[in-house]
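Computed from a predicted structure; not experimentally measured.
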Number of protein chains: 2
Amino acid sequence: MGRWPGGTQERLQKAAIDLFTERGYERTTVAEIATRAGLTERTFYNHFADKREVLFPEQDSFIAKVREAVGAAPAEQSPLDAVNAAFIAGSDWFDQRREAAQRRRHILDAHTDLREREWAKLAALGEAITAALRTRGIPDPAATLTAAASVAAYRLAAARWLADPQYGTLGHHLHTTFEDLHRTARSW
Amino acid sequence: MGRWPGGTQERLQKAAIDLFTERGYERTTVAEIATRAGLTERTFYNHFADKREVLFPEQDSFIAKVREAVGAAPAEQSPLDAVNAAFIAGSDWFDQRREAAQRRRHILDAHTDLREREWAKLAALGEAITAALRTRGIPDPAATLTAAASVAAYRLAAARWLADPQYGTLGHHLHTTFEDLHRTARSW
DNA sequence: ACAGTGATTGCAGAACCTGTAATCACTGTG
DNA sequence: CACAGTGATTACAGGTTCTGCAATCACTGT
């Protein structure tokens with residue numbers, strides 16, 4: 001496997017993020033990204049389905065991890081707690097990449113196209129959690145609604161994590177946000 | 001305002017839905033849609049921001065209506081009930097268009113691109129509800145989480161409505177789905 | 001008549017994305 | 001050491017989406 005430099009995807013991702021922050025998402029062409037990474041436009045499309053996808057690298061594996069963790073949670077744990085625990089279990093990975101997450105968020109916030117893709121990813125996360133809860137024996141309205149609420153809490157926790165001037169961990173914010181969810185639900 | 005035939009948007013929408021069901025979304029070009037409507041491709045883009053948007057016609061006004069209704073709800077009503085009532089208030093409109101909604105759903109289900117746009121629209125709905133709840137004095141974690149749960153319930157209710165062999169009204173399914181949400185939340 | 005308005009059109013072009021076949025660097029085998 | 005095999009990269013051609021700009025067109029009001 002030594003034939004080419006290697007780390008092609010990573011190089012493309014770095015080139016893309018750099019160019020997006022330099023001159024903006026829309027003013028950057030795929031050809032430019034590829035050239036900066038020492039590759040061609042066609043090669044970019046061999047690694048990413050489209051231009052947006054370069055900003056959502058490990059999302060699919062993250063979703064798979066969450067689904068697995070929810071499925072493997074102890075049987076006596078409540079559905080919501082199982083999802084919460086699954087999120088927290090994978091939160092270290094993000095804590096080590098806070099700065100990259102910041103840059104990514106700034107790019108995403110500036111472009112409707114990209115936020116659209118983000119919503120799609122969160123929807124996929126929600127559907128994966130729904131499926132995992134169903135295999136745990138949770139019947140259907142509860143599975144869907146619990147998954148949706150969990151994803152909403154996750155999204156809110158991530159936002160708080162990035163905005164926190166105290167640099168608290170994502171796990172901490174997940175904990176408090178799911179507590180907020182409990183409190184809010186009691187008011188319904 | 002009599003200069004041109006009129007109803008341009010509606011003709012484009014009808015042409016688009018017909019062609020999408022005939023030969024599929026991806027195998028239909030914008031030029032073909034415009035030609036069937038007796039117009040040109042350029043005119044299509046004068047009315048819709050992009051090819052997908054032709055399938056989401058009244059979404060923006062629906063969102064505006066919901067926001068307004070949530071804002072105008074009686075003060076003693078709980079946040080969740082206010083949103084529920086706002087949805088139900090606008091549900092007749094959908095009941096009169098059940099068949100069109102069916103066709104639309106089949107097209108949407110077959111294409112990731114389009115479902116992505118749908119998630120984006122639901123996200124916009126959620127943000128509008130969040131804003132409306134905030135103006136009602138609901139503080140932030142509760143506003144966001146309540147809005148997200150409401151949208152999830154709305155989505156589930158719409159799915160049940162379309163799948164219901166008994167042809168129950170959307171209002172009915174909204175009612176029962178929000179009851180499910182109450183029940184589920186109590187289990188958290 | 002005649003200027004004004006607003007929708008539609010024509011045209012040019014950039015960027016996105018895909019299909020297909022060729023090339024290239026390296027690997028394993030006889 | 002030839003040599004076929006493998007997998008990533010590349011070249012190229014082309015369709016489609018979407019935009020900017022200027023012109024045209026049907027109708028309106030004076």
Check whether any side-chain nitrogen or oxygen of A:His47 sits under 4.0 Å from OP1 or OP2 of D:dT9, and answer yes or no. yes
Walk me through whether A:Phe94 and A:Phe62 qualify under ring-ring contact (aromatic ring centres under 6.0 Å, His included). CA-CA 11 Å; A:Phe94 289 97; A:Phe62 171 67; 5.4 Å; yes
salt_bridge(B:Asp60, B:Lys121) N-O dist < 4.0 Å: yes
Check: B:Trp119 and A:Glu116 side chains under 4.5 Å, non-hydrogen atoms: no
Going by number, which of residues 24-33 of chain A have a non-hydrogen atom under 4.0 Å from DNA chain C? A:Thr28, A:Thr29, A:Val30
Please give, in whole Å, the distance from C:dA15 C1' to A:Asp50 CG? 13 Å
Measure all distances between protein nitrogen or oxygen atoms and nitrogen or oxygen atoms of nucleotides 19-21 of chain C, and list the pairs falling under 3.5 Å.
unit_1 : atom_1 : unit_2  : atom_2 : d
C:dG19 : N7     : A:Arg42 : NH2    : 3.1
C:dG19 : O6     : A:Arg42 : NE     : 2.7

Please report the distance, rounded to the nearest Å, between CZ in A:Arg23 and C1' in C:dA15. 14 Å
I need the CG-C1' distance between B:Leu12 and D:dC18, as an integer number of Å. 16 Å
Let me check something: do A:Leu114 and A:Tyr45 share a hydrophobic cluster, defined by ILVMFWY side-chain heavy atoms less than 4.5 Å apart, either directly or through other members? yes
Have a look at A:Asn46 and say if it touches a base, only the backbone sugar-phosphate, or nothing, with a 4.0 Å heavy-atom cut-off. base
Identify which nucleotide among D:dT17, D:dT9, C:dT18 has an atom closest to any side-chain atom of A:Tyr45, counting heavy atoms from C-beta outward. C:dT18
Flag yes if more than 12 heavy atoms outside B:His47 fall under 6.0 Å of its NE2 atom; otherwise flag no. yes
Where the side chain of B:Leu39 is defined as all heavy atoms beyond and including C-beta, which of D:dC18, C:dT9, C:dC17 is the nearest nucleotide? C:dT9
Quick one: do the A:Trp161 and A:Asp95 side chains pair a donor with an acceptor below 3.5 Å? yes
Side-chain N or O of B:Thr40 versus OP1/OP2 of C:dT9: is the shortest distance under 4.0 Å? yes
Whole angstroms only, please: what is the CG-P distance between B:Asp113 and C:dC16? 16 Å
Neighbour count >12 (heavy atoms, 6.0 Å) for atom CD, B:Glu99: no
Measure CG/A:Leu19 against P/C:dA15 and give the value in whole Å, please. 14 Å
Considering only heavy atoms from C-beta outward, does the side chain of A:Leu55 approach that of A:Glu118 to under 4.5 Å? no
So what is the 5' to 3' dot-bracket string for DNA chain D, if pairs are Watson-Crick or G-U wobble with both distances under 3.5 Å, crossing pairs use [ ] and | means the partner sits on another strand? ||||||||||||||||||||||||||||||
May I ask you to check whether over 12 heavy atoms, not counting those of A:Gln102, lie within 6.0 Å of atom CD? yes
Between C1' of C:dA15 and CZ of A:Phe48, the distance in whole Å: 19 Å
Between CD of A:Glu41 and P of D:dA11 the distance, given in whole Å, is 12 Å
Answer whether the closest heavy-atom distance between the side chains of B:Glu22 and B:Thr28 falls below 4.5 Å. no
4.5 Å side-chain heavy-atom contact, B:Arg52 and B:Tyr25: yes
Side chains of A:Phe178 and A:Leu80: closer than 4.5 Å at any heavy-atom pair? yes
In whole Å, what is the span from the NE2 atom of B:His111 to the P atom of D:dT16? 15 Å
